[in-house]
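Just below is one structure, and these are the notes that go with it.
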Protein chains: 2
Amino acid sequence: MTGTEVATPAGRPPVMTDVARRAGVSHQTVSRVLNGHPSIRPETRERVQRAIDELGYRRNRAARALVTRRTLTVGVVASSTSLFGPSSTLHGVERAAHAAGYATILSTSDATDRDGVLARVAQLSDRGVDGLLLTAPLHEVPDLREHLPADLPTVCATGGPVTGLPSVHVDHRAGARAVTELLLRQGHREVRHVGGSPGWFEAAEREGGWRDALAAAGVAPAPVLAGGWGAAEGYVAGLALADDPATTAVVAANDQLALGLLRALRERGVDVPRRVSVTGFDDAPESAYLSPPLTTVRQDLERVGREAVGLLLERLAGGVATAPEHRVVVPELVVRASTGPPPR
Amino acid sequence: MTGTEVATPAGRPPVMTDVARRAGVSHQTVSRVLNGHPSIRPETRERVQRAIDELGYRRNRAARALVTRRTLTVGVVASSTSLFGPSSTLHGVERAAHAAGYATILSTSDATDRDGVLARVAQLSDRGVDGLLLTAPLHEVPDLREHLPADLPTVCATGGPVTGLPSVHVDHRAGARAVTELLLRQGHREVRHVGGSPGWFEAAEREGGWRDALAAAGVAPAPVLAGGWGAAEGYVAGLALADDPATTAVVAANDQLALGLLRALRERGVDVPRRVSVTGFDDAPESAYLSPPLTTVRQDLERVGREAVGLLLERLAGGVATAPEHRVVVPELVVRASTGPPPR
DNA sequence: ATACATGGTACACAAGTCACC
DNA sequence: CGGTGACTTGTGTACCATGTA
């Protein structure tokens, strides 16, 4: 912290015995002070502490890790970290882990690629992380559990529950159902859907929620428009929808898609929300400032990250492998100006 | 990788001597194989390798770090990781570091807070990272160099050059000058500026570039509108500008601000670009899909991250402290439909 | 005789911990 | 309370002796 490198006369960074010598105590006593052993006279403790400060002594992490078999590090395997969702989750993870004294090693794996993810996991395991947090889309790997190191506590913060692993996830289905129901309530007789990237649990669940709501209302779902997570895909879908006079409402799988949709509809002179209502999913910070402000579903992803870390810390502390717990975070409908009753 | 935990008969994970025993060689030979020592018979090498595979042996990172004094880990101190800019840089950093065999420990420090950053640095240093990469806004710390651990290779990937440290940064000034010049060329007699968050080098430099261009054209700069990095601040600025008939062009310090501006102007019935031209900075993925598509400045931040890692790796390998190098990444003007000639 | 390939031993790295006084 | 000494964690490595080609 001071920048000036305090060291022993010998020139090398101080070690525990240097502290002991300086404080006039033994190796053992310094260790007791450092690890909060009860039977240490306050005066001794203070003398040791002073020696530590004067020498600028810092415990060597590697040596501790070697003997304690703990690194106070958790590995995080994530994908698509440039997207708003994943990056929010990661932020929550990093903060919560840091607050608990753990560092996070992030390893991004670009694809929905099972072997890629497993390779990252192996690398992190080799690095000696105490636990593992997965946020990559993994629903395609039903036997994931068997492919992970058995002795490495692991939790998921993904789109949905993962077989055999504790996980935290948002109830995307409920969120999508809620927006769709909103539109139906406002009088729309048909609601279209622009899907997220194939292979993502989030995409499948949101589509599922949309279907659920339609089914409950007795409306037959029109074909899903092939999508993705970006504005470009939304734009393409929007151009297609603009030419269809029957369309009065569109549920997009995320806000970026909705942004692209809005652009395409405006370009074609289709008024939102008077002729077509549009909704998103995520509530990205800028979605309140689109034209018109976007009706969407807010999901507290930082909380998902926090809770996932909490779950992991429980495993790290408890040691006992209780049944895998699945925590569900409920999203919240945010109604803005991009939705309204259909034209008559 | 297999998930089945291969271990010695004793039940504990295999260590080097287990491999040696199994291969019928010595401790020393295994080590030589592992570290690529030249004088090893191919046949022996193979026998050792087979033993390693059969036992599922993995070298213990902590033990290696203890003796080699290298962890193959770099620490990254970042702030505002939820913003598009920082998160792009981080992505480049993570990928480049991973490709070079280094893991990254991310430590986010929320504020433009010098002590906060230094605390993160100290924690990472204690963790035994081999090098440090700073992406937090740090121009306020002219004597930063003296406050950092002297023996820890450190580079910056920030808004601008940092005294005494190697760094990679985008030439924000040139970027801002280029957009401003574009507007002047198109005939605008006055160009306003909505600034970024105070305390950020990026914000200061972009404002500087705007001023430079105006000065070169002999135009007196109107007061900067207080800003930030979010759409909300842009919206506020936009409401103020909408009422000013003299305003025909606005340079925003980033795309989010521009998005807020567009929203406010549309709300007030001000046509973009026919009455007012608007530009951003960043070229976020969705900026091509705003209405109208945003003229902006693209900066290759992933490259900034990559190059910063490259600089760091040089220091880690070379050892020799050459003069701090500053690499500058030149941004690129992206002209879209949000700009045009002023109304006559 | 001269490389090369390997074994054996010993110690270092820095901290944690146990038994005993 | 706290000192002493010995031993542990898993690798890296220097040194020196061997054996083989």
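Residue numbers start from 1 in every chain, and the chains themselves are labelled A, B, ... in the order their sequence lines are given, proteins ahead of strands. This structure is a prediction, so every number in the text was calculated from the model and none was measured.
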- Query: So, for A/Val48 and A/Ala23, which heavy atoms are closest and what is the spacing to 0.1 Å?
  - Reply: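 Distance-wise, the nearest heavy atoms are CA-CB, 3.9 Å.
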- So what does B/Leu34 hit on the nucleic acid, given a heavy-atom distance under 4.0 Å: a base, only sugar-phosphate, or nothing?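 Nothing: the residue B/Leu34, judged by heavy atoms under 4.0 Å, touches no strand.
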- Task: Identify whether any heavy atom of B/Gly24 sits under 4.0 Å from a base atom; if not, whether one sits that close to sugar-phosphate; answer base, sugar-phosphate or nothing.
- Result: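 Counting heavy atoms under 4.0 Å across all strands, the contact made by B/Gly24 is with sugar-phosphate only.
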Measure from [atom1] on [X] to [atom2] on [N] and round the result to the nearest Å.
{"X": "B/Arg47", "N": "C/dT6", "atom1": "CZ", "atom2": "C1'", "answer": "10 Å"}
{"X": "B/Glu43", "N": "D/dA21", "atom1": "CD", "atom2": "P", "answer": "11 Å"}
{"X": "B/His37", "N": "D/dC15", "atom1": "NE2", "atom2": "C1'", "answer": "13 Å"}
{"X": "B/Arg127", "N": "C/dA14", "atom1": "CZ", "atom2": "P", "answer": "19 Å"}
{"X": "A/Glu46", "N": "D/dG2", "atom1": "CD", "atom2": "P", "answer": "13 Å"}
{"X": "A/Leu72", "N": "C/dG16", "atom1": "CG", "atom2": "P", "answer": "12 Å"}
{"X": "B/Met16", "N": "D/dT13", "atom1": "CE", "atom2": "P", "answer": "10 Å"}
{"X": "B/Arg61", "N": "D/dT9", "atom1": "CZ", "atom2": "C1'", "answer": "18 Å"}

- Query: Is a side-chain donor or acceptor of A/Thr71 paired with a backbone partner of A/Gly128 at a separation under 3.5 angstrom?
  - Reply: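 Side chain of A/Thr71 to backbone of A/Gly128: a pair is present.
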- A/His326 and A/Ser167: side-chain donor and acceptor closer than 3.5 Å?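 A donor-acceptor contact under 3.5 Å links the two side chains.
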- Is it true that the side chains of A/Ser125 and B/Arg58 contain a donor and an acceptor less than 3.5 Å apart?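 The criterion, which ignores hydrogens and geometry beyond distance, is not satisfied for B/Arg58 and A/Ser125.
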- Take B/Arg64 and B/Arg32, find for each the nucleotide of DNA chain D with the closest heavy atom, and name the residue whose nucleotide sits nearer the 5' end.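 Taking each residue's closest nucleotide, the earlier one in sequence belongs to B/Arg64.
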Between [N] and [X], is there an OP1 or OP2 to side-chain N/O distance shorter than 4.0 Å?
{"X": "A/Arg59", "N": "C/dA14", "answer": "no"}
{"X": "A/Asn35", "N": "C/dG16", "answer": "yes"}
{"X": "B/Arg41", "N": "C/dC4", "answer": "no"}
{"X": "A/Arg69", "N": "D/dG10", "answer": "yes"}
{"X": "B/Thr29", "N": "C/dT6", "answer": "no"}

- Message: So that I can tick it off, tell me whether B/Arg50 and B/Asp53 are bridged by a salt bridge, with the cut-off set at under 4.0 angstrom between side-chain N and carboxylate O.
- Response: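 No, B/Asp53 and B/Arg50 are not salt-bridged.
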- Query: Which residue, B/Pro42 or B/Leu66, contacts DNA chain C at a nucleotide closer to its 5' end, judged by nearest heavy atom?
  - Reply: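 Looking at DNA chain C, the more 5' nearest nucleotide goes with B/Pro42.
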- State whether the number of non-hydrogen atoms from other residues, nucleotides or ligands found under 6.0 Å of B/Arg327 atom CZ is greater than 12.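 Yes, the 6.0 Å shell around CZ holds more than 12 heavy atoms from other groups.
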- Item | B/Gln28 (side chain) and D/dA14 (base): donor-acceptor pair under 3.5 Å |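 Donor-acceptor pair under 3.5 Å: yes.
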- Message: Once hydrogens and angles are ignored, does a donor-acceptor distance under 3.5 Å link the base of D/dT13 to the side chain of B/His27?
- Response: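 Between D/dT13 and B/His27, which were checked side chain against base, a qualifying N/O pair under 3.5 Å is present.
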- Item | Minimum-distance nucleotide to A/Thr44 side chain [options: D/dG2, C/dG7, D/dG10] |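 Of all the options, the side chain of A/Thr44 is nearest to D/dG2.
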- Task: Can you figure out which of C/dA14, C/dA5, D/dT11 approaches the side chain of B/Val67 most closely?
- Result: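 It is D/dT11.
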